Amino acid sequence: MSAHQASHSPRGALAKIEAILTPHLEPAEPGGKATITLGALSDLMEERAFGLLLLVLALPCCLPFVYLLPQLVALPMVVLAVQMASGRRAPWLPETLRKRQLPVAGLLDVVNRAKRYGGWLEKLAHPRFASLTGDRATRIIGALLVVPCLSILVPLPLTNTVPGIGVALAAIGLIERDALFVILGVLAGLIWIALLVVGGPALIYFLISLVLNRGAAA
C-alpha cells in the first residue's frame, strides 16, 4: 500500500466496513435490492478478514429490533471461530455459505446505528499488548469465541444480544490489535452465557410456578 493510499484509508473498524460495503449499494437489476455474497465480502476484507467478518456479522446481533440478519449470520460466525481455533490465517467458507446473500442496505444501516450508539467505544481501541493478538493467541481467542457464537445460533430470547456485543468487541480488538478489547469481549460473552446456564432453569421454574399459582387461585 502506498503512503497516499494509507493516508486516505478509513480509520476504525466500522469505517473500514462502511468503505467496503458502500460501492455495492446499487442493485444489480433496476428495482431490485442490492446484496453481496458472504464470499465476496470475505474476499474484499483482505488481511484482517477474520476480525472484519466477525464484526460485520456480529453487529446485527448486538442491536435491538434487527430481524432476519441475525439468523443469516449465526452459522458463518461459528464457522469462522472454529477456523480461527484451528489456526487458519485466512477464512475459508464452504460454497453454500459463500453464496449466502446479505442485504447491503441492511448491513450499512446496522453499521450506521452502531457508529451512532457505540462509535465512541470503538475510538478507544488502539494497539495494546500486541503479542496477545498474534497467531498463537488467535487460536485460543477463536476457541473461546466458539461458545458465544453458538449461543447466537440458538433461537431463544437473551441468547444473542450480549454474546453478539462480546464477539463484536473481540473482533474490534483483533482488527486494531488491542488485546484489552479482545479480553473484555470474550469475558462479556462467556460470563453472560454462564449466567444463562445457571439462572435460566431457575427463571423457567419461577415462571411456571407463577402461572400454576395464578391458575390455582383462579
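Fair warning: this is a prediction, and the values are worked out from it, not measured in the lab.
Among residues two or more places apart in sequence or in another chain, the side chain to side chain contact (heavy atoms under 4.5 Å, CB included) test is passed with A105 by L25. Legend: residues meeting side chain to side chain donor-acceptor pair (under 3.5 Å) with K115, ordered by chain and number and at least two apart, are E18. Judged as a side chain to side chain donor-acceptor pair (under 3.5 Å), and not counting sequence neighbours, Q83 has no contacts. Partners of L153 according to the side chain to side chain contact (heavy atoms under 4.5 Å, CB included) rule, which considers only residues two or more places apart in sequence or in another chain, are A74, L75, V78, L150. Listed by chain and residue number, nothing satisfies the side chain to side chain donor-acceptor pair (under 3.5 Å) test with R139 (two or more places apart in sequence, or in another chain). Considering only residues two or more places apart in sequence or on other chains, L190 meets the side chain to side chain contact (heavy atoms under 4.5 Å, CB included) condition with L144, V147, P148, V186. With sequence neighbours left out, R100 forms a side chain to side chain donor-acceptor pair (under 3.5 Å) with no residue at all. Contacts of A125 classified as side chain to side chain contact (heavy atoms under 4.5 Å, CB included), with partners at least two apart in sequence or in another chain: I172, E176, D178, F181.
The minimum heavy-atom distance linking H24 with V104 is given by the pair O-CG2, 3.6 Å. The shortest non-hydrogen separation linking G51 to A171 is O-CB, 3.4 Å. Taking every heavy atom of both residues into account, V162 and A188 meet most closely at CG1-O, 4.0 Å. Summarising the geometry of V167 relative to A58, their closest heavy-atom pair is CG1-CB, 3.9 Å, with the distance given to 0.1 Å. The shortest heavy-atom contact between P23 and A19 is CD-O, 3.1 Å. Residues I152 and C61 come closest through the heavy atom pair CG2-SG, 3.5 Å.
In the hydrophobic clustering of this structure, W92 does not group with L174; members are Ile, Leu, Val, Met, Phe, Trp, Tyr whose side-chain heavy atoms approach within less than 4.5 Å, directly or through other members.
Annotation: side chain of S42 is in contact with side chain of L93 (closest heavy-atom distance under 4.5 Å). Counting only heavy atoms from C-beta outward, the side chains of L145 and M77 never approach each other to under 4.5 Å. At least one side-chain heavy atom of D109 sits less than 4.5 Å from a side-chain heavy atom of R113. Side-chain contact check for V79 versus M84: every heavy-atom pair is 4.5 Å or farther apart. Looking at L21 and L41, their side chains come closer than 4.5 Å, going by heavy atoms from C-beta outward. Side-chain atoms of K99 and L38, non-hydrogen and from C-beta on, never get closer than 4.5 Å to each other. In this structure, the side chains of L102 and T37 stay at 4.5 Å or more apart for every pair of heavy atoms.
The other residues sharing a hydrophobic cluster with L180 are L184, where clustering joins ILVMFWY side chains under 4.5 Å apart.
Rounded to the nearest 0.5 angstrom, L57 CG and L80 CG are separated by 6.5 Å. The structure places CG of L14 at 9.5 Å from CG of N112, a figure rounded to the nearest 0.5 Å. In this structure, CZ in R88 is found 14.0 Å from OG1 in T138, a value given to the nearest 0.5 Å. Separating the CZ atom in R177 from the CD1 atom in I175 is a distance of 9.5 Å, to the nearest 0.5 Å. Here L44 contributes atom CG and I36 contributes atom CD1; the two are 5.5 Å apart, rounded to the nearest 0.5 Å. Here the straight-line distance linking atom CZ of F50 with atom CZ of R89 works out to 11.0 Å at 0.5 Å rounding.
Taking a 6.0 Å sphere around CZ of R116, one finds it holds more than 12 heavy atoms contributed by other residues, nucleotides or ligands.
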Residue pair V56, M45: steps toward the side-chain contact (heavy atoms from CB on, under 4.5 Å) verdict: CA-CA 11 Å; V56 75; M45 287 176 171; 3.9 Å; yes
side-chain contact (heavy atoms from CB on, under 4.5 Å) between L169 and L121, worked out: CA-CA 9 Å; L169 288 175; L121 185 61; 3.5 Å; yes
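Exactly one of I191, V198, V197 qualifies for a side chain to side chain contact (heavy atoms under 4.5 Å, CB included) with L195. That residue is I191.
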